[in-house]
Novice: 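What follows is a structure written as structure tokens; I'll ask about it next.
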Amino acid sequence: MTTTTALSLHLNGEPFAGVVDNRTTLLDLLREHAGLTGAKKGCDHGQCGACTVLWGDRRVNSCLLLAVAVDGAHITTVEGLADGEELHPVQRTFVEHDAFQCGFCTPGQLCSAVAAITEARAGWPSAVTPPQAPDPPEVPHRPDVRSRSPRPVELTGAEVRERMSGNLCRCGAYPHIVDAVREAAR
Ligand code: FES
Ligand code: FES
């Protein structure tokens with residue numbers, strides 16, 4: 001039985017190829033094989049968000065994905081957000097708003113924020129997005145998060161808190177993170 005797989009993908013725009021044990025997660029591929037240690041291993045169980053990276057425009061918990069599942073994909077890690085010496089707007093607002101303390105969760109927060117802004121701009125609702133058309137009063141509001149609005153969703157504080165709720169910060173930098181994400185979105 002084959003226990004290893006040859007794969008190739010794009011990491012931060014650069015081609016990467018290697019042979020990995022089939023059980024290797026994307027997080028371990030990044031950290032142990034590609035030398036990209038920005039994404040952090042917090043829980044290794046999909047619960048903290050410290051390992052968040054971008055698969056195209058979508059955010060994923062890299063500890064939950066097998067590397068073989070992303071063969072051929074374009075993956076962006078925190079190391080790929082800046083444009084040379086120019087910080088990504090989300091990185092800049094995190095610095096300006098003092099949105100971190102120890103910094104362990106920050107790479108995941110940054111990648112998650114980039115995708116959250118993209119999702120809201122594309123009109124994807126969250127669980128707290130008000131309905132476009134009012135529901136009848138007898139129907140409790142349950143937004144259909146699969147339905148895309150033709151208009152961007154404004155990133156209010158409640159929207160940012162909901163959309164970033166998969167990224168935990170044990171230092172409790174949440175108020176400043178919300179401010180930083182909202183300013184970057186603007
Ligand atoms: Fe992946 Fe915690 S390390 S969610
Ligand atoms: Fe320390 Fe978030 S800044 S865990």
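Counting starts at 1 for both ligands and their atoms, following the listed order.
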Novice: Near atom 2 (Fe) of ligand 2, which protein N/O/S atoms fall under 2.8 Å?
Specialist: Cys105 SG, Cys169 SG
Novice: I'd like to know whether Arg59 forms a salt bridge (Lys or Arg N to Asp or Glu O under 4.0 Å) with Glu119, so could you lay out the CA-CA distance, the side-chain angles of the two residues, the decisive distance to 0.1 Å, and finally the verdict.
Specialist: CA-CA 10 Å; Arg59 45 192 166 162; Glu119 290 158 13; 2.8 Å; yes
Novice: Report yes or no: is the cationic atom of Arg161 (NZ for Lys, CZ for Arg) under 6.0 Å from the centre of the six-membered ring of Tyr174, at an angle within 45° of the ring normal?
Specialist: no
Novice: Could you list the donor-acceptor pairs under 3.5 angstrom formed between side-chain atoms of residues 44-57 and any protein atom two or more places apart in sequence or on another chain?
Specialist:
from  : atom 1 : to     : atom 2 : distance (Å)
His45 : ND1    : Cys43  : O      : 2.8
Thr52 : OG1    : Gly49  : O      : 2.6
Thr52 : OG1    : Asn167 : ND2    : 3.4

Novice: Show the atom names and distances, to 0.1 Å, of all donor-acceptor pairs under 3.5 Å that link a side chain in residues 28-35 to residues at least two apart or in another chain.
Specialist:
from  : atom 1 : to    : atom 2 : distance (Å)
Asp28 : OD1    : Lys41 : NZ     : 2.9
Arg31 : NH1    : Thr37 : O      : 2.9
Arg31 : NH1    : Ala39 : O      : 2.8

Novice: Looking just at side-chain N and O atoms, do Glu183 and Thr93 make a donor-acceptor pair shorter than 3.5 Å?
Specialist: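 Side-chain D/A pair, Glu183 to Thr93: absent.
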Novice: Side-chain donor-acceptor pair under 3.5 Å between Thr156 and Glu154, yes or no?
Specialist: no
Novice: What is the minimum heavy-atom distance between Met164 and Ala116, and which atoms define it?
Specialist: SD-CB, 4.3 Å
Novice: Which residues and atoms, protein N, O or S only, are under 2.8 Å from atom 2 (Fe) of ligand 1?
Specialist: Cys43 SG, Cys48 SG
Novice: For Thr77 and Asn12, does a side-chain donor sit closer than 3.5 Å to a side-chain acceptor?
Specialist: yes
Novice: Quick check: are there more than 12 heavy atoms from other residues, nucleotides or ligands sitting under 6.0 Å from CZ of Arg186?
Specialist: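 Yes, enclosed.
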